[in-house]
> 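Take a look at the following structure, please.
Sequence lines set the chain letters: A, B, ... in the order given, protein chains first and strands last, and positions in each chain run from 1.
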There are 2 protein chains.
Amino acid sequence: MTKKKVTSTDVAKLAGVSQSTVSRVYGSGTNVSEKKRKQILEAAEMLGYQPNALARGLITNKTRMIGIVMRNIQNPFYPEVLEKFHKCLSKHGYHILFINSEHNLVGEDEINHLIEYHVEGVIITDALLTSSAVQRLIKNEIAVVLFNRYIENPDCSAVFCDNYFAGQEIGRYLIASGHKHFAFISGPLNTSTSIDRKKGFEEAVHKGGISDIHIEIGNYSYESGFEAAKKILNSGNLVDCIFCGNDITALGAIDAAKQLGFQVPNDLSIVGFDDITMARWPSYSLTTWKQPIDDMVNAAVQLLLDEISEKENKVITKSFPGELVIRGSVKEK
Amino acid sequence: MTKKKVTSTDVAKLAGVSQSTVSRVYGSGTNVSEKKRKQILEAAEMLGYQPNALARGLITNKTRMIGIVMRNIQNPFYPEVLEKFHKCLSKHGYHILFINSEHNLVGEDEINHLIEYHVEGVIITDALLTSSAVQRLIKNEIAVVLFNRYIENPDCSAVFCDNYFAGQEIGRYLIASGHKHFAFISGPLNTSTSIDRKKGFEEAVHKGGISDIHIEIGNYSYESGFEAAKKILNSGNLVDCIFCGNDITALGAIDAAKQLGFQVPNDLSIVGFDDITMARWPSYSLTTWKQPIDDMVNAAVQLLLDEISEKENKVITKSFPGELVIRGSVKEK
DNA sequence: TTGAAAGCGTTACCAC
DNA sequence: GTGGTAACGCTTTCAA
């Protein structure tokens, strides 16, 4: 077993045909007789031939690679999202160049890598691009879709949950179930996601006749939920419910409440956001807002593929409502 | 702002030099005068030039891509691993082609993709390769390292935690802390990982004078831990401790125990494996075995890079002991 | 230090 | 149907 890489020319020689014909078998598939096709496939099998995707990409300008830039992968919501993107993209014959970004704003060098590798499109989850970065991608004919974020003055497509609506619904639900003293643990307020959830929630609560909401700003982590809840419960303010910006924060809040001797939901109601698998665990049984991940992922991929094939840049934003999932962390009084 | 992709030839023209010289600036960096380098970088900046990694890879046979095949990404252990791999690999200038495998055995088509894209190396986490798959990768000069698994008759390198030792230590610890009635919730017994943990644990427990261990086989998920624990606790067998094959299983077991009215650790001790972040959460406060992820990831990357640069295939396996992390889920009687 | 030219493994466009 | 040949964008000789 030698170690030389085998090319279409090797296959052609062994099969006694031209290299072009081999290429046709693996490419268009047309214009090749049944007999030669057979010979070629046999020869390829013998040699262990695999077409070189790089060479192909060089000439076709189609690498069949999609860059996924993901932040916050420690939040269980995102592995689930990644898994679904992988499934959906590979169904369409695409591969994933994975980039784990650490910042809210995707860095220049990360953009550079995506351009260098000539990915056909990029999905950005839970992060943003400067508009100059968007321009660079577009200039390099790379389609872009934001996932779970959008930009006010949109220069690229986006798929997200209607956070404003969701925030409202959660506010209404807590009002309707008889709560009087509200707190909200938000994520950092530099993201559309956080801002909209907050705005919707506040509006609904105010409309329900409650003027004061105790607000803490966290960073969507368990620890920040834990700390924020402690602060709220130790503040002396009366509080009978907390809306948490995401599930993992809510789990932290529940643990903090328990530690301080509060019973959830009897003394304190807690609502999360995302509906991660853990929300369902009996220790928490978290009432939360379900983001329709499947639909969102499918939509994002569809948008991306459309952009890739159509070449013109329509900017489309798609929002999904999602739905309240009632479990056991809210007391309906 | 036009949309034509800019190449080194474009840069050369604008800078008034030859394409070769542009290439030298971005490649070796040698043999180019300070003056021309400056002109070139300026021109490149103006045009927004990025070298084409595919074309480069085609000629150099170095794509600077590493394939990561990951299974079970819903288990929080693996996102953490992925994040660290990303960090370590990008520090070395490598990029990740991400593949989410659904099976214990990596499929032929997944191998094909890795070969097609000419990744320089592959890291397989929590899955195995048939030896014919290994041979195909090697024939295509792709280095392979298994992470968290090894093969009995090794044809590729591997990095893992010494599961046999860890199992023993956990057994000894539970014996030493006065437990008498043992149960074990294993992962599927077709993996080295599971087999070794089980073997070590059983040996230590037997050596401690206990002959019976109630064994259940799960699949390393929360749900399977939950169900298995219920089965154990409802079996009528007396049980005062359960060792769970991984943390997520242990969390399920804890929740099941609580639901059945058992107090952890007073009525029942529980030990996990991995030390995922959630093990630290107050609701669980799980005593567990810490896999030294950082060291393991660094070792895996180092092994891979060595294999890539040395071209000869030494098969090296590296095991790490890890350590017991004592929290609150075990009663020391 | 520089540039011309060959070649990496494909696809695409020709003639035949 | 088929094979020859020119790209694709780069690195790497080799002469100058």
> Is there a salt bridge (Lys or Arg N to Asp or Glu O under 4.0 Å) between Arg56(A) and Glu116(B) once you walk through the steps?
CA-CA 10 Å; Arg56(A) 177 180 283 167; Glu116(B) 279 172 24; 5.4 Å; no

> Tell me whether the side-chain N/O atoms of Lys62(B) come closer than 4.0 Å to OP1 or OP2 in dT12(D).
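Checking dT12(D) against Lys62(B), no side-chain N or O comes under 4.0 Å of OP1 or OP2.
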
> Would you say dG9(C) has OP1 or OP2 under 4.0 Å from some side-chain N or O of Ser8(A)?
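For dG9(C), OP1/OP2 do not have a side-chain N/O of Ser8(A) under 4.0 Å.
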
> How long is the line joining CD1 of Ile40(B) and P of dT1(C), in whole Å?
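Interatomic distance, CD1 of Ile40(B) to P of dT1(C): 13 Å.
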
> What integer distance in Å separates Gln50(B):CD from dC10(D):P?
10 Å

> So does Asn52(B) get a side-chain nitrogen or oxygen closer than 4.0 Å to the phosphate oxygens (OP1/OP2) of dG9(D)?
no

> Measuring to OP1 and OP2 of dT2(C), would you say a side-chain N or O of Ser33(B) lies under 4.0 angstrom away?
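So the side chain of Ser33(B) is within the cut-off, an N or O lying under 4.0 Å from OP1 or OP2 of dT2(C).
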
> Quick check on dG9(D): is either OP1 or OP2 less than 4.0 Å from any side-chain nitrogen or oxygen of Thr7(B)?
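False: Thr7(B) side-chain N/O out of range (4.0 Å or more) of dG9(D) OP1/OP2.
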
> Between Arg24(B) and Ser20(A), which is nearer to the 5' end of DNA chain C once each is assigned its nearest nucleotide?
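Closer to the 5' end of DNA chain C: Arg24(B).
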
> Please give, in whole Å, the distance from dT1(C) P to Gln39(B) CD?
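It works out to 15 Å between those atoms.
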
> Any side-chain donor paired with an acceptor under 3.5 Å for Asn148(A) and Arg71(A)?
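The criterion, which ignores hydrogens and geometry beyond distance, is not satisfied for Arg71(A) and Asn148(A).
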
> Would you call the rings of Phe147(A) and Phe85(A) parallel, tilted or perpendicular, where under 30° means parallel and over 60° means perpendicular?
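The arrangement is perpendicular - the two ring planes meet at more than 60°.
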
> Look at the side-chain N and O atoms of Lys36(A) and state whether any lies under 4.0 Å from the OP1 or OP2 oxygen of dG3(D).
yes

> What's the NZ-P distance between Lys13(A) and dG3(D), to the nearest Å?
15 Å

> Considering only side-chain heavy atoms of Ser18(A), which listed nucleotide, dG9(C), dG4(D), dG3(C), is closest?
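Nearest to the side-chain atoms of Ser18(A), counting from C-beta on, is dG4(D).
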
> Phosphate oxygens OP1/OP2 of dT10(C): is one of them under 4.0 Å from a side-chain N or O of Tyr49(A)?
yes

> Write down the distance between NZ (Lys5(B)) and P (dC10(D)), rounded to a whole number of angstrom.
11 Å

> With nearest nucleotide decided by heavy atoms, which residue, Asn31(B) or His118(B), maps closer to the 5′ end of DNA chain C?
Asn31(B)

> Report yes if at least one side-chain N or O of Tyr117(A) is closer than 4.0 Å to OP1 or OP2 of dG9(D); otherwise report no.
no

> Please give, in whole Å, the distance from dC8(D) C1' to Asn61(A) CG?
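Checked: the CG to C1' distance equals 8 Å.
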
> Using every non-hydrogen atom in the two residues, find where Glu108(A) and Ser132(A) come nearest and quote the distance to one decimal.
OE2-OG, 4.1 Å

> Expressed as a whole number of angstroms, how long is the span from Ile59(A):CD1 to dG9(D):P?
9 Å

> Taking the side chain of Thr60(B) as its heavy atoms from C-beta onward, which of dG4(D), dT10(C), dT12(D) lies nearest to it?
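So the nucleotide nearest the side chain must be dT12(D).
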
> So which of Val119(A), Val122(A), Leu304(A), Leu97(A) actually passes side-chain contact (heavy atoms from CB on, under 4.5 Å) with Ile66(A)?
Leu304(A)

> Within this structure, what is the CD-to-P distance between Gln19(B) and dG7(C), rounded to whole angstrom?
16 Å

